[in-house]
Amino acid sequence: MKNGPALCLAALVAGASPALAQTLTNPGFEAGWGGWNDVDPNKDATSVSGHFNTGLKSAKISKETGHFEQTVTLYPDSEYELKAFVKGPGIVGVEIAGTEVTASSAGDGENWVQLNIPFKTGADTGARVFGGWGGDEARFDDFELVAVSGPAKTAAEEVASGPREYTTLPDGCEGMGQLRVKKVRAEGDYDKEYAPDRVIDHSFDADSRWSAKGAGREIVLDLGMPQTLKELGIAFYKGHERKSHFEMAASVDGKAYAALIPRTTSAGKTTAIQRFDFDDMIARYVKIAAYGNESSEWNSILEIQPYGCGLGMIDPTGDGSDVAEYSNKGLFGLFTDVPPSENFDLSGWKITVPYDRNGDGKVDEIEEAELGSGWQDPEVFYTDPVTGGMVFRTIPAGVTTQNSSYARSELRQMMRAGDTAIATRNDDGTPTQNNWVFSSAPQEAQDMAGGVDGTLRATLAVNQVTRTGEQGKAGRVIIGQIHAKDDEPIRLYYRKLPGNKFGSIYYAHEPIGKDDIWVEVIGERKDNAENPADGIALDEIFSYEIKVSGKEVDGVIHPMLDVKIIRDDGTEIVAPSFDMVESGYNVADDFMYFKAGAYSQNNSTLPGWRDADQVTFFKLETEH
């Protein structure tokens with residue numbers, strides 16, 4: 001959505017209004033499950049049937065687990081009636097503001113019965129319309145939402161009253177949403193099996209596409225009235241395997257077209273919607289001229305979605321990402337060709353890296369705003385090009401922070417999320433909104449903090465640990481922490497000794513003013529430990545959870561530390577709960593923050609990048 005020159009138009013004829021936001025998508029299942037969510041866990045209790053009340057299709061539920069639904073946005077403070085036809089025993093209903101209203105059909109399985117469900121909306125306008133099992137096989141067809149009273153009725157009557165005049169200008173509406181397409185046509189020959197109306201049926205199935213062979217084949221969308229057009233989304237058939245060539249233009253009257261985007265090429269990475277941005281333009285007609293693809297002269301498009309604002313805005317019909325194929329996806333749905341901040345929400349983190357490139361005599365730190373805007377470094381923090389994971393790499397000889405002897409490539413939780421008006425920390429140790437405290441801390445500290453208690457969850461693999469240096473330091477790296485003002489309630493270690501096949505996991509708890517307390521979770525901590533038979537190998541994917549919660553004991557809140565490791569087969573190794581009530585953190589002048597990454601615990605190897613610690617994260621989240 002670029003700001004720039006646009007056609008200016010006034011006193012246009014309109015024939016739609018926001019009332020259309022209350023319509024259901026694919027109410028008669030003519031487009032299969034398009035618009036509906038088939039929530040049957042086994043996908044064998046629901047299907048699209050060739051029996052119908054009207055049209056050619058209906059939904060079918062044949063087992064108790066059968067259930068389908070779709071979410072709609074309604075008008076507030078209005079009365080509605082949901083209607084649907086059911087053949088056989090079935091349940092139809094609507095849920096709004098947590099309350100379900102339903103109707104059921106006993107049904108003989110031979111005749112269609114209409115069910116009517118009246119309901120009201122309040123301030124909550126999100127609703128879930130659904131059909132479910134009623135005791136035996138049933139079919140469902142022709143769902144309809146009818147506005148009965150209130151703002152919904154007023155808006156519906158406005159639509160029914162026919163055309164009216166209004167004025168639209170490039171800056172005449174704000175925001176951006178998906179725009180309704182009233183109809184579509186294709187210029188020239190096309191494959192009759194893959195007609196142009198397939199590109200607006202909200203289906204991303206490979207057989208639901210428009211296909212035409214030859215350079216310059218055109219497909220034209222009619223929005224029904226002029227709208228402020230801001231972006232256009234296109235999903236290409238086999239879009240993850242090849243790039244397609246095309247150009248875009250738009251028109252108010254369908255005769256004089258102005259270019260939106262000159263000849264360009266799709267990304268060739270996905271079958272989901274790819275959005276194209278251009279200068280805002282008033283337009284009713286949108287034309288795409290296609291020029292084949294990398295492999296052939298065929299032009300094939302799954303879906304086209306215009307975006308902008310005006311009187312034709314509708315609820316989003318989905319961008320196909322849930323069923324799309326990708327050429328650039330690795331593990332856990334992560335993209336392999338984007339910086340870490342596009343795969344992970346890093347808005348609440350900064351990173352410390354093992355060098356001083358700005359020459360200020362201190363270790364470099366990348367703050368939230370820069371990190372969240374795509375910062376990466378090919379040596380210490382980047383996206384793995386195969387898995388899409390977030391890679392942390394550090395060298396023992398790297399620059400360290402002021403109070404540490406070890407280098408790190410490690411995230412530090414920043415609850416302020418870039419709001420620099422909030423101090424990172426107070427000099428007197430009292431918490432700010434940037435940090436959190438235990439629920440055993442005094443109430444005044446809890447009121448000052450950004451959160452109370454917390455959980456850190458991560459899915460990761462340790463790819464490399466140091467192999468050289470002092471025996472007591474080789475092979476150990478910290479992969480997660482809770483850091484307090486000066487001390488660490490927990491440092492979670494992974495350690496694989498040079499002669500062992502598998503690594504151990506253990507943690508240190510640091511009471512204030514006392515020696516560390518060590519807790520072994522998998523394998524042993526000692527420097528000459530034998531290979532742990534149940535240990536974790538390098539590159540093995542596993543998860544950890546570090547959790548602090550309050551437990552009342554004899555009227556006193558005890559801060560409890562719980563740690564568990566989850567193997568890739570789902571096996572959980574749970575450490576005994578650790579009571580931190582005597583650890584000294586139940587005070588007003590201390591605070592907490594999470595850390596995660598690769599914090600090397602070996603500073604005795606030879607300089608260089610060969611002997612290093614590397615950890616790849618696939619999931620990372622906090623909770624307070």
Y382 ring center near W375 ring center (under 6.0 Å):
no
Main-chain N/O of A421 paired with D419 side-chain donor or acceptor, under 3.5 Å:
yes
Partners meeting side chain to side chain contact (heavy atoms under 4.5 Å, CB included) with D515 (sequence neighbours left out):
none
Could you check whether any side-chain heavy atom of I565 comes within less than 4.5 Å of a side-chain heavy atom of I536, counting everything from C-beta outward?
yes
Exactly one candidate in K350, E367, Q481 meets side chain to side chain contact (heavy atoms under 4.5 Å, CB included) with R412; the answer is K350
Could you name each residue pair satisfying ring pair (Phe, Tyr, Trp, His ring centres under 6.0 Å) that touches residues 431-456, not counting sequence neighbours?
W436-F594, W436-H624, F438-Y585
For F236 together with F246, are the ring centres under 6.0 Å from each other?
yes
Determine the interplanar angle of the F617 and F392 rings, folded into 0 to 90°, and report it as parallel if under 30°, tilted if 30 to 60°, perpendicular if over 60°.
perpendicular
Looking at E247 and R263, is there a salt bridge between them, counting it only when a charged N and a carboxylate O are closer than 4.0 Å?
yes
Shortest non-hydrogen contact from M248 to L232?
SD-CD2, 3.5 Å
Exceeds 12 heavy-atom contacts within 6.0 angstrom, atom NZ of K329
yes
Would you call R408-D613 a salt bridge at under 4.0 Å N-O?
no
Q614: side-chain hydrogen bond (donor to acceptor under 3.5 Å, both in side chains) partners, not counting sequence neighbours
R393, N463
Ring of Y307, cation from K230 - is the NZ or CZ under 6.0 Å from the centre and inside 45° of the axis?
no
If a pair satisfies salt bridge (Lys or Arg N to Asp or Glu O under 4.0 Å) and one of its residues is in residues 430-447, list it, with sequence neighbours excluded.
none
Within the distance-only criterion (no hydrogens, no angle test), does the side chain of Q227 pair as donor or acceptor with the backbone N or O of L179 below 3.5 angstrom?
no
With sequence neighbours left out, the residues meeting side-chain hydrogen bond (donor to acceptor under 3.5 Å, both in side chains) with E545 are R457
Less than 6.0 angstrom separating the ring centers of H240 and Y326, yes or no?
no
In a check of side chain to side chain contact (heavy atoms under 4.5 Å, CB included) between T616 and each of L331, V391, V386, L460, which one passes?
V391
Please determine which of N603, T468, T605, N602 meets the side chain to side chain donor-acceptor pair (under 3.5 Å) test together with K473.
N603
Salt bridge or not for R275 and D319, using N-O below 4.0 Å?
no
State whether E488 and K595 are salt-bridged, where the test is any N-O pair (Lys NZ or Arg NE/NH1/NH2 against Asp/Glu carboxylate O) under 4.0 Å.
no
Is D527 salt-bridged to R495, cutoff N-O under 4.0 Å?
yes
For a 4.5 angstrom cut-off between non-hydrogen side-chain atoms, does V363 reach D356?
no
Is a donor on one side and an acceptor on the other found under 3.5 Å between the side chain of D279 and the backbone of L260?
no
Kindly write out the residues that satisfy ring-ring contact (aromatic ring centres under 6.0 Å, His included) with Y599, not counting sequence neighbours, or none if the list is empty.
none
Quick one: do E572 and R567 make a salt bridge, cutoff under 4.0 Å?
no
